[in-house]
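Structure first, then comments.
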Amino acid sequence: MARNIFNQPPKDETGSTAPSPALPRAAKLPGSVGGLRDSLREITANSIRDIDPDQIDMDGLRDRLALDDSSIDELAESIREHGQQVPIMVRPSEKADRYNIVYGRRRLAAIRKIGGTIKAIVRTLDDDASLIAQGQENNLRLDPSFIEKSLFINEMQSAGYRPKVIQDALGLTRQGVSNHRVVLDQLPADLVSLIGPAHGIGRRQWADLAALGKKVDLVGTAREVIGALPDGTPSPDRFQAVYSACTRQVRATKAPTLARRTSVVTAPEGGTLGTLTVDDKALAIKVARIDNPDFARWLEEHAEASLQQIFEQWRKENDAGS
């Protein structure tokens, strides 16, 4: 914190004024102008300033799929009517009189629409601190969707940020970060772009859609389905439409179900020997003890050997025919 240069030296117990402290030696200062500049910079480091939006560059990693035009218009109208209630945060750029955005991209876009200066907190942050501030502020003000968090994690990992920084930026555990990344790795990038952020669609639903990709063309289906939807269809509705279409395709490609049927097997001399039941899951032979108690007893004793013998016969016939 900056030293208060305006306070007078305290008086001693006798009421006499203490001697003025000696001025710091010049060797410890980078120069009077430089020292004053550093002091002012420290005093105003966390102050709110009015900045021309044209001085602010959209720096940093992408934490949202897109800035929705309709929501930006609504925010711009609110700011026009009530003023900017919450400042954005920027950090000084390496370029003179310019700043890089830390958080508040929607507010910056809205004020660029209506004109005027923007209230901003100017803070000198390194890349890690800037990223954590960006992620935490977004989580508090407008919670990113599951897929947006997944994309943000991918961007941070690709940029080489440490795992602890990524976890702090999104308020996730190590396992939580892994869960987001595993699902994203299974999804085509074009599919995510077509569907959008899909707020309210969680990890399980995205994972289920990714699993359908083993049997259907996710991107091709998404293009066809979304192309037929009305303009402006909300992103969650686009997800549901794509998921439903892919599910129908998977069901249509399944083998037709074999109807369950049961036939009666009769002995050569007549009478019921047993029943044979077949469906798409199993084949069952049933011998009623009440009809043929002796045969049922014999079959129980020889069923395993008989089944193996039948299997060997099938294998020989199958090998001979191949």
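FYI, the numbering just counts along the sequence from 1. Because only heavy atoms are used, hydrogens play no part in the values below, and waters and symmetry mates are left out as well, while side chains stay in.
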Rounded to the nearest 0.5 Å, how far apart are CZ of Arg80 and CG of Leu75?
11.5 Å
Is it true that atom CG of Asp97 has more than 12 heavy atoms of other residues, nucleotides or ligands lying nearer than 6.0 Å?
no
Check whether Arg107 reaches the backbone of Pro87 with its side chain - one donor and one acceptor, N or O, closer than 3.5 Å.
yes
Do Leu187 and Val183 come within less than 4.5 Å of each other through their side chains, counting heavy atoms only?
yes
Could I get the full list of side-chain hydrogen bond (donor to acceptor under 3.5 Å, both in side chains) partners for Ser178, not counting sequence neighbours?
none
Verify side chain to side chain contact (heavy atoms under 4.5 Å, CB included) between Leu276 and Leu283, making sure each step is shown before the conclusion.
CA-CA 7 Å; Leu276 177 65; Leu283 181 151; 3.7 Å; yes
Looking at Ile114, I want to see if its CD1 is surrounded by more than 12 non-hydrogen atoms of other residues, nucleotides or ligands under 6.0 Å.
yes
Using the rule that two of Ile, Leu, Val, Met, Phe, Trp, Tyr join whenever any of their side-chain heavy atoms come within less than 4.5 Å, decide whether Tyr103 and Ile48 are in one cluster.
yes
Any donor-acceptor N/O pair, Ser235 side chain to Ala198 backbone, under 3.5 Å
yes
What's the shortest heavy-atom distance between Val90 and Ala120, and which atoms?
CG2-CB, 4.1 Å
Is it the case that atom CD in Glu304 sees more than 12 heavy atoms from other parts of the structure closer than 6.0 Å?
no
Same apolar cluster: Val242 and Val250, side chain cutoff 4.5 Å
yes
Salt bridge present between Asp128 and Arg162 (N-O < 4.0 angstrom)
yes
One should read off an interatomic distance between Arg105 CZ and Ile56 CD1, to the nearest 0.5 angstrom, of 11.0 Å
Spacing of Glu155 atom CD and Gln157 atom CD [to the nearest 0.5 Å]
11.0 Å
For residues 262-275, please give each side-chain donor-acceptor pair under 3.5 Å, one per line with the distance, not counting sequence neighbours.
{"residue": "Thr262", "atom": "OG1", "partner": "Thr277", "partner atom": "OG1", "Å": "3.2"}

Taking all non-hydrogen atoms of both residues into account, name the closest pair between Ala245 and Thr221 and its distance.
CB-CG2, 3.9 Å
Applying the 4.5 Å side-chain criterion to the ILVMFWY set and letting contacts propagate, would Val182 and Ile147 be lumped into a single cluster?
no
Residues forming a salt bridge (charged side-chain N to carboxylate O under 4.0 Å, His left out) with Glu300, sequence neighbours excluded:
Arg289
Using side-chain heavy atoms (C-beta onward) and a distance below 4.5 Å, is Leu218 in contact with Leu209?
yes
Side chain proximity check, Arg261 to Asp279, heavy atoms < 4.5 angstrom:
no
Distance-only donor-acceptor check, side chains Gln167 and Thr173, under 3.5 Å
no
Give a yes or no answer on whether the side chain of His82 reaches the backbone of Ser78 with a donor-acceptor pair at less than 3.5 Å.
no
Using salt bridge (charged side-chain N to carboxylate O under 4.0 Å, His left out), reason through Asp190 and Arg223 one step at a time and then give a plain yes or no.
CA-CA 9 Å; Asp190 289 345; Arg223 286 198 177 103; 3.7 Å; yes
Under the 3.5 angstrom rule, does the side chain of Arg238 hit a backbone N or O of Ile195 as a donor-acceptor pair?
yes
Is a side-chain donor or acceptor of Ser130 paired with a backbone partner of Val102 at a separation under 3.5 angstrom?
no
Less than 4.5 Å apart, any side-chain heavy atom of Phe152 and any of Gln134?
yes
Is there a side-chain contact between Ile51 and Thr117, using heavy atoms and a 4.5 Å cut-off?
no
Short side-chain to backbone donor-acceptor contact, Arg98 and Asp54, under 3.5 Å
yes
Residues forming a side-chain contact (heavy atoms from CB on, under 4.5 Å) with Lys214, sequence neighbours excluded
none
Under the 3.5 angstrom rule, does the side chain of Gln186 hit a backbone N or O of Ala210 as a donor-acceptor pair?
no
Would you check if the side chain of Thr233 reaches a backbone N or O of Leu229 as a donor-acceptor pair within less than 3.5 Å?
no
Strictly distance-based, threshold 3.5 Å: is any side-chain N or O of Gln55 a donor or acceptor partner for the main-chain N or O of Tyr99?
no
List the atom of Ser306, the atom of Trp298, and the distance in Å for their closest heavy-atom pair.
OG-CH2, 4.4 Å
Pairs satisfying ring pair (Phe, Tyr, Trp, His ring centres under 6.0 Å), at least one member in residues 107-132, at least two apart
none
Kindly determine whether Ile101 and Met89 satisfy side chain to side chain contact (heavy atoms under 4.5 Å, CB included), including the steps that lead there.
CA-CA 6 Å; Ile101 187 78; Met89 181 180 285; over 6 Å; no
Rounded to the nearest 0.5 angstrom, the CD-CD distance for Gln240 and Gln205 is 6.0 Å
Would you sort out whether Lys119 and Asp50 count as a side chain to side chain contact (heavy atoms under 4.5 Å, CB included), showing the intermediate values?
CA-CA 5 Å; Lys119 297 183 183 302; Asp50 290 321; 3.4 Å; yes
How long is the span from the CD atom in Glu148 to the CG atom in Leu170, to the nearest 0.5 Å?
11.0 Å
So, using side-chain hydrogen bond (donor to acceptor under 3.5 Å, both in side chains) as the criterion, who are the partners of Asn154 when residues are at least two apart?
Arg181
Non-hydrogen atoms of Ser150 and Leu184 that approach each other most closely
O-CD2, 3.4 Å
Do the side chains of Asp126 and Arg91 get close enough for a salt bridge, i.e. N-O under 4.0 angstrom?
no
Nearest non-hydrogen partners of Leu194 and Ile226, listed with the distance:
O-CD1, 3.4 Å
How many angstroms lie between CE in Met156 and CG in Leu151, if you round to the nearest 0.5 Å?
10.5 Å
Testing the basics here: between Phe146 and Arg203, what is the closest heavy-atom pair and its distance to 0.1 Å?
CE1-CB, 3.4 Å
Does Arg112 use its side chain to pair, donor to acceptor, with the backbone of Pro53 at less than 3.5 Å?
yes
Could you see if Ile88 belongs to whatever hydrophobic cluster contains Met58? Use Ile, Leu, Val, Met, Phe, Trp, Tyr and a side-chain cutoff under 4.5 Å.
yes
Just so I know, are the side chains of Thr247 and Tyr243 near enough to count as touching, which here means a heavy-atom distance under 4.5 Å?
yes
